[in-house]
Amino acid sequence: MKTPFHEKHILLGVTGSIAAYKAADLASKLAQAEAAVDVILTPAAVQFVAPLTFQSVTGRHCYTDADLWGTEGHVQHIGLARQADLLVIAPASANTLARLAHGLADNLLTVTALAARCELLVAPAMDGGMYAHPATQGNLGILKERGVTVVGPAEGHLASGLTGIGRMVDTGELMGQIRLLLARGGPLFGKKIVVTAGGTQEPIDPVRAVTNRSSGKQGFALAQAALDMGAEVTLIAGVSSLPAPVGAERLDVRTAEQMLNAVLARVSGADALVMAAAVADFRPTHPAEYKIKKENGIPEIRLERTPDILARVAAERTRGPRLVIGFAAESQDLLVNARSKLEAKKLDMIVANDISAADAGFAVDTNRVTFLFADGRVIELPLMTKLEVAYAVMDEVARRLTAGKP
Ligand code: CTP
């Protein structure tokens, strides 16, 4: 499986900010994600971090101004700039932002930035007062207008000891934003995909609920896979503690009814709906307004059916997505049950998984699934990570949505 980072050339510029030490973590994560990372330190950055740090985590030479003035200096920047799929400057100091905005080229990083034709992402980091200064704001405005992606800064503790806006965003957010930029133009570019994930929770009283063991892992992986192929993604999440992938629009819902309303509101205009959520099939008919007290004896809880979301989408399909994919979590007669759900819910495809196996289904990171299609085709996949399963599903989505196009 190749994520958007795979074998991409990322040029990471590090400037003179105390956040420079965090750039080592970013370089390490990028290298672990299989990107080729070339790092350039400005003279001020070298005061904060050593080239050896970056060399050690990327396994590649770390460039400084010594390279600019060295024997190959006159061509160095052109070569680095030409190879890059993306230029990331993190942290970007107020000084470097000013240089970039005005086209100054007085160190290896700014010379390279001027020569580069790839996209540029900057993650500003500086003191709150410097960030708020009209000069910095003006420079950021110029860069944004030029199409530069500006990520952050975040609010929080600053090196000055004060609290304010000026911190570099964390590595996870930067990785997500870089991933989004690298995914642009993928096979689902321009497509709108709605994914549901996690279990729903149906109230018994204000503190208790009927729910299930779904973790949301497979659904969140589907959202990530769709983003990795360039789609615009809405993630309708039931109960899940997972962070949404960067770039997905997340809508949190609790009950099946709320999920139904969120799905119906979002599917018109969407290209595909992938229902990975474990929607509760039953809910208490009359949830108690106040906490049920044990002094009153053992309660009897009457249940009723929740709305079937996929059946409602099928009924309103004229406005709905071109492609509808369901999941079937089964503990027996996997393929027979999945095929009958595919037909009953009028799906284009169903992903069947046997939840009785220890290495598949709820909460674990792996899954073993079989795809069943409306035209009778069946594809049985081996044990995979949930992200690999998600890529396989989104490959099918891309194939169907782009079928017939050159
Ligand atoms: N689903 C739905 N609305 C519900 C219940 C399920 O849209 N009220 C969707 C799920 O998101 C999944 C598919 O239907 O994509 C199949 O879910 P599953 O619970 O396996 O099937 P059910 O139809 O609920 O049948 P059963 O629980 O009896 O196996």
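Numbering of ligands and ligand atoms starts at 1, following listing order.
- Evaluation of the salt bridge (Lys or Arg N to Asp or Glu O under 4.0 Å) test over residues 330-342, restricted to residues two or more places apart or in two chains, returns Glu330-Lys341.
- Salt bridge Glu202/Arg254: absent, no basic N to carboxylate O contact under 4.0 Å.
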Distance-only donor-acceptor pairs under 3.5 Å for side chains of residues 120-127, two or more places apart:
from	atom 1	to	atom 2	distance (Å)
Asp127	OD2	Gly129	N	3.0

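- Salt-bridge check for Asp25 with Lys29: passed, with a basic side-chain N closer than 4.0 Å to an acidic carboxylate O.
- For residues 268-292, the set of pairs meeting the salt bridge (Lys or Arg N to Asp or Glu O under 4.0 Å) definition, not counting sequence neighbours, comprises Glu257-Arg283, Arg283-Glu304.
- A heavy-atom cutoff of 4.0 Å around ligand 1 is satisfied by the protein residues Met275, Ala277, Val279, Asp281, Thr306, Pro307, Asp308, Ile309, Leu310, Gly326, Phe327, Ala328, Ala329, Lys341, Lys345.
- With hydrogens and angles ignored, the 3.5 Å screen pairs no side-chain donor or acceptor of Asn139 with any backbone N or O of Leu97.
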